[in-house]
Amino acid sequence: MKLTDEKLLNPKIIELEGKAHVGLVEEVKLVDCEEPEGWKKIIAKLKDGTVESTNCMEPDAAKRNYMVMVLYSKKWGSTINVEQ
């Protein structure tokens, strides 16, 4: 399988971490990808009800990013108030 630049760069993770950091993320899940096998992606439910996800990434990277987003959304993000 050939990895595209989009999968390698995964810009969506930066956007979602930013949204979690300012308190816009309500829930975060780590889910398996169909391809490549063993890779994972992060799915985030925003406070406005929309659902966004990252591209698939290597399991260790996904787990690290997931933990950061959980901390942002559950702990640190609630300390920052952003008007929507």
Side-chain angles (χ1 to χ4, degrees):
M1 182 184 90
K2 181 180 176 185
L3 295 177
T4 63
D5 286 343
E6 183 178 313
K7 285 188 177 187
L8 291 174
L9 296 175
N10 208 354
K12 195 64 175 177
I13 190 69
I14 296 168
E15 293 175 26
L16 286 178
E17 283 182 0
K19 289 177 181 181
H21 190 69
V22 297
L24 298 178
V25 173
E26 184 175 282
E27 182 182 344
V28 183
K29 294 190 291 186
L30 187 62
V31 299
D32 292 327
C33 295
E34 290 182 23
E35 281 192 27
E37 188 175 331
W39 283 33
K40 299 187 178 296
K41 66 181 173 180
I42 298 168
I43 298 178
K45 180 180 177 189
L46 305 184
K47 290 192 176 182
D48 68 4
T50 59
V51 176
E52 297 183 13
S53 69
T54 65
N55 295 329
C56 294
M57 60 187 103
E58 294 172 333
D60 288 340
K63 290 173 189 174
R64 284 190 302 272
N65 285 299
Y66 169 77
M67 291 307 297
V68 168
M69 286 189 60
V70 166
L71 287 172
Y72 283 163
S73 64
K74 302 289 183 198
K75 192 171 184 177
W76 303 324
S78 62
T79 63
I80 299 172
N81 187 7
V82 173
E83 295 295 322
Q84 294 186 17

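The figures that follow rest on heavy atoms only: side chains count, while hydrogens, waters and symmetry mates do not.
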With sequence neighbours left out, what residues match Lys40 under side-chain hydrogen bond (donor to acceptor under 3.5 Å, both in side chains)? Asp32
Do Lys47 and Leu24 have side-chain heavy atoms sitting under 4.5 Å apart? no
Can you find a heavy atom in the side chain of Met57 that is under 4.5 Å from one in the side chain of Ile42? yes
Same cluster or not: Val25 versus Val51, using hydrophobic residues (I, L, V, M, F, W, Y) connected whenever any side-chain heavy atoms lie under 4.5 Å apart? no
Could you pull out the closest heavy-atom pair between Ser53 and Ile43, with the gap in Å? CB-CG1, 3.8 Å
For residues 63-71, run the donor-acceptor check on the side chains, cut-off 3.5 Å, and write out each pair with its distance to 0.1 Å, sequence neighbours left out.
unit_1: Asn65; atom_1: ND2; unit_2: Ala61; atom_2: O; d: 2.9

Scanning both residues in full, the closest heavy-atom pair of Pro59 with Trp39 reads CD-CD1, 4.2 Å
Which pairs pass salt bridge (charged side-chain N to carboxylate O under 4.0 Å, His left out) with one or both residues in residues 17-30, sequence neighbours excluded? Lys19-Glu52, Glu26-Lys45
With rounding to the nearest 0.5 Å, note down the distance linking NZ in Lys41 to OG1 in Thr54. 7.5 Å
